[in-house]
Amino acid sequence: MNAPESLPSREDVLGAFAVEADHGRTTLERYFREYPQYADDLIDLSHELAQHVDVSTAPLSADDEALITSAWRQHAASGQQPLVDPMARLTVPELRTIAQQLGVPRQILAAFREHRVIVASVPRAFLARLASLIGTPLEEFQNMLTRAPTQELARSYKADHKPLAETPVTFEQLLTDACVSPDQRAALLSEKT
């Protein structure tokens, strides 16, 4: 008795189509007949493969050269080094220690690390203590928190679709969601510089 053949994966079918010598109608129709479940993906891929890519080696025009040179000069003149997220380098034991020193659950630090907190809603004294504990100047820390998270900090999931970014919430809402006691929550929210 023969075991039933398993259907090739979407990636296998699209890969096979991509390496076909001809991506014309005949080939596309053959793939539609053999793999109707991937018809939409095959259409999308055929459109991508049909697009013309300009690989011209002709020299750039004087205007193009001037634009490129101007952009590089502006970039070099800005002298800005990319901001490094100081929370990205923290280990789990370090995060645990910082959370204990701040009197908050670690999930609060995770929200800061993932840029899920509205910075304006956090008492300045709490931000200053957190910045001090991670060894970063307060202003630099605040600037880092207002930027979008970098890819290496974003959570990764094994899913068919990219996860949606979580909407930032207030510091008070984070504390509530983390089940911080009302007394502790009130103390953290009323901190003065």
Side-chain angles (χ1 to χ4, degrees), residues 1-61 63-65 67-69 71-72 74-76 78 80-96 98-99 105-119 134 143-169 173-174 177-179:
M1 180 172 187
N2 292 340
E5 287 187 36
S6 63
L7 292 174
S9 71
R10 175 183 167 273
E11 288 75 24
D12 291 340
V13 172
L14 295 178
F17 180 77
V19 297
E20 289 281 345
D22 175 38
H23 299 112
R25 181 182 184 116
T26 307
T27 306
L28 192 56
E29 287 175 349
R30 178 170 45 89
Y31 274 81
F32 285 164
R33 282 189 305 276
E34 293 177 19
Y35 311 105
Q37 67 273 30
Y38 303 128
D40 290 338
D41 295 317
L42 287 164
I43 290 170
D44 291 342
L45 180 58
S46 71
H47 286 299
E48 285 182 41
L49 294 171
Q51 290 183 0
H52 175 70
V53 177
D54 184 13
V55 291
S56 156
T57 57
L60 296 172
S61 70
D63 289 340
D64 291 338
E65 288 282 352
L67 283 172
I68 293 170
T69 302
W72 273 112
Q74 284 179 346
H75 175 70
S78 71
Q80 291 182 336
Q81 295 296 320
L83 292 176
V84 177
D85 189 340
M87 295 194 76
R89 68 182 179 340
L90 297 174
T91 64
V92 172
E94 290 171 330
L95 287 169
R96 186 178 301 119
I98 292 170
R106 273 196 346 220
Q107 71 190 67
I108 300 296
L109 295 182
F112 277 94
R113 188 176 183 164
E114 296 168 358
H115 303 246
R116 291 186 294 120
V117 62
I118 298 171
V119 179
I134 63 175
N143 288 339
M144 182 275 307
L145 288 173
T146 58
R147 294 179 314 163
T150 58
Q151 187 61 32
E152 66 268 7
L153 288 182
R155 290 183 181 171
S156 60
Y157 298 87
K158 185 172 184 177
D160 293 333
H161 304 288
K162 183 178 179 182
L164 299 174
E166 294 186 44
T167 305
V169 296
Q173 185 63 50
L174 282 176
D177 293 347
C179 299

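Remember, it's a predicted structure, so these values are computed and weren't measured experimentally.
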**Message:** Looking at Arg89, I'd like to know if its CZ atom is crowded, meaning that more than 12 non-hydrogen atoms belonging to other residues, nucleotides or ligands lie closer than 6.0 Å.
**Reply:** yes

**His23 side chain to Ala18 backbone, donor-acceptor under 3.5 Å** = yes

**Asked** Quick one: are Val13 and Gln37 in side-chain contact, heavy atoms under 4.5 Å?
**Response** no

**Side-chain touch Tyr35/Leu7, heavy atoms, less than 4.5 angstrom** = no

**Message:** Test of understanding: with salt bridge (charged side-chain N to carboxylate O under 4.0 Å, His left out), list the residues that count as partners of Glu20, not counting sequence neighbours.
**Reply:** Arg30

**Request:** Would you name the heavy atoms of Ala39 and Phe32 that are closest together and state the gap between them?
**Result:** O-CE2, 3.7 Å

**Prompt:** In Å and rounded to the nearest 0.5 Å, what is the CZ to CG distance from Arg10 to Leu42?
**Reply:** 9.0 Å

**Prompt:** Between CD1 of Ile43 and CD of Glu48, what distance do you get to the nearest 0.5 Å?
**Reply:** 13.0 Å

**Fill in**
Value for CD1 (Ile134) from CE (Met87), rounded to nearest 0.5 Å, stands at 5.5 Å

**Prompt:** So how far is it from Asp40 CG to Leu45 CG, rounded to the nearest 0.5 Å?
**Reply:** 12.5 Å

**Fill in**
ring-ring contact (aromatic ring centres under 6.0 Å, His included) filter on Tyr38, not counting sequence neighbours, yields none

**Message:** Distance check, rounded to the nearest 0.5 Å: Arg106 atom CZ versus Ile98 atom CD1?
**Reply:** 11.5 Å

**Asked** Should the heavy atoms of other residues, nucleotides or ligands under 6.0 Å from CG of Asp64 be counted, would the total exceed 12?
**Response** yes

**Asked** At what distance, to the nearest 0.5 angstrom, does CD1 of Ile108 lie from CZ of Arg116?
**Response** 8.5 Å

**Asked** If you take all heavy atoms of Arg113 and Leu90, which pair is closest and at what distance?
**Response** NH1-O, 3.9 Å

**Asked** What closest approach, in Å, do Gln107 and Asp177 show between heavy atoms, and which atom pair accounts for it?
**Response** NE2-O, 3.8 Å

**Asp22 to Thr27 - nearest heavy-atom pair and separation** = O-OG1, 2.9 Å

**Item:** Over all atoms of both residues, closest heavy-atom pair of Phe17 and Tyr31
**Value:** N-OH, 3.5 Å

